[in-house]
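Each remark here refers to the structure printed beneath this line.
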Amino acid sequence: YGALTGTFVAIGGLPGPPRPLPGKVTAKDSAGHKFTVAIGKSGKFVMSLRAGVYRLTGRSPMVTVNGVEPTCGIFAPPVHVRAEKETRGVQVVCPLK
């Protein structure tokens, strides 16, 4: 297993730096297994995952389109988790208009 740490953030909408989002971040591996973690208002998350390649997505009740929470981060590159290593500074981004 390896550790994955990062933040779930909103970019756009209001001017300024990325803003942390509460919600959930999901890591999906190449076999389709999903691992989800709940995130508080700090937007920070930590996941312990088997070594491998993951696609990270997020959802937040603070971001809705027509009353539905869209999936954020679907176009981000995959993240590599290495055994007994920590992958830091990963951002799951929710672009706002």
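In what follows, every heavy atom counts, from backbone to side chain, and hydrogens, waters and symmetry copies are set aside.
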Do [X] and [Y] have side chains that approach each other closer than 4.5 Å (heavy atoms only, starting at C-beta)?
X: C94; Y: V9; value: no
X: V46; Y: V37; value: no
X: Y54; Y: L49; value: yes
X: S30; Y: V53; value: no
X: V79; Y: T87; value: yes

Quiz item: Step by step, would you call T57 with T26 a side-chain hydrogen bond (donor to acceptor under 3.5 Å, both in side chains)?
Solution: CA-CA 5 Å; T57 57; T26 299; 4.7 Å; no
Atom of [X], atom of [Y] and distance for their closest heavy-atom approach:
X: V63; Y: L96; answer: CG1-CD2, 3.8 Å
X: P95; Y: V93; answer: CD-O, 3.5 Å
X: M47; Y: A27; answer: CE-CB, 3.9 Å
X: P20; Y: S42; answer: CB-O, 3.1 Å
X: K24; Y: T36; answer: CB-CG2, 3.9 Å
X: C72; Y: V92; answer: O-CG1, 4.1 Å

Quiz item: For E69, does its backbone N or O pair with a side-chain atom of R59 as donor and acceptor, under 3.5 Å?
Solution: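 Confirmed, R59 side chain pairs with E69 backbone.
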Quiz item: Does the R19 side chain pair with the main chain of G12, one donor and one acceptor, at a distance under 3.5 Å?
Solution: yes
Exercise. Following the transitive rule for hydrophobic clusters with a side-chain heavy-atom cut-off under 4.5 Å over Ile, Leu, Val, Met, Phe, Trp and Tyr, establish whether V81 and F45 coincide in one cluster.
Key: yes
Self-check item: Cluster overlap L56 with I11, hydrophobic side-chain contacts below 4.5 Å
Solution: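 Shared cluster, no.
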Practice problem: Mind jotting down which residue pairs meet the salt bridge (Lys or Arg N to Asp or Glu O under 4.0 Å) criterion with at least one end in residues 72-95? Sequence neighbours excluded, please. | Solution: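 As it turns out, the salt bridge (Lys or Arg N to Asp or Glu O under 4.0 Å) pairs with a partner in residues 72-95, which skip direct neighbours, are E86-R88.
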Self-check item: Remaining members of the apolar cluster that contains V65, side-chain heavy atoms under 4.5 Å
Solution: none
Quiz prompt | F8 side, atom CZ; L21 side, atom CG - distance, nearest 0.5 Å | solution =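 Atom-to-atom, F8:CZ and L21:CG are 5.0 Å apart.
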Exercise. State the NZ-OG1 distance between K44 and T7, to the nearest 0.5 angstrom.
Key: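 Going from the NZ atom of K44 to the OG1 atom of T7 covers 8.5 Å.
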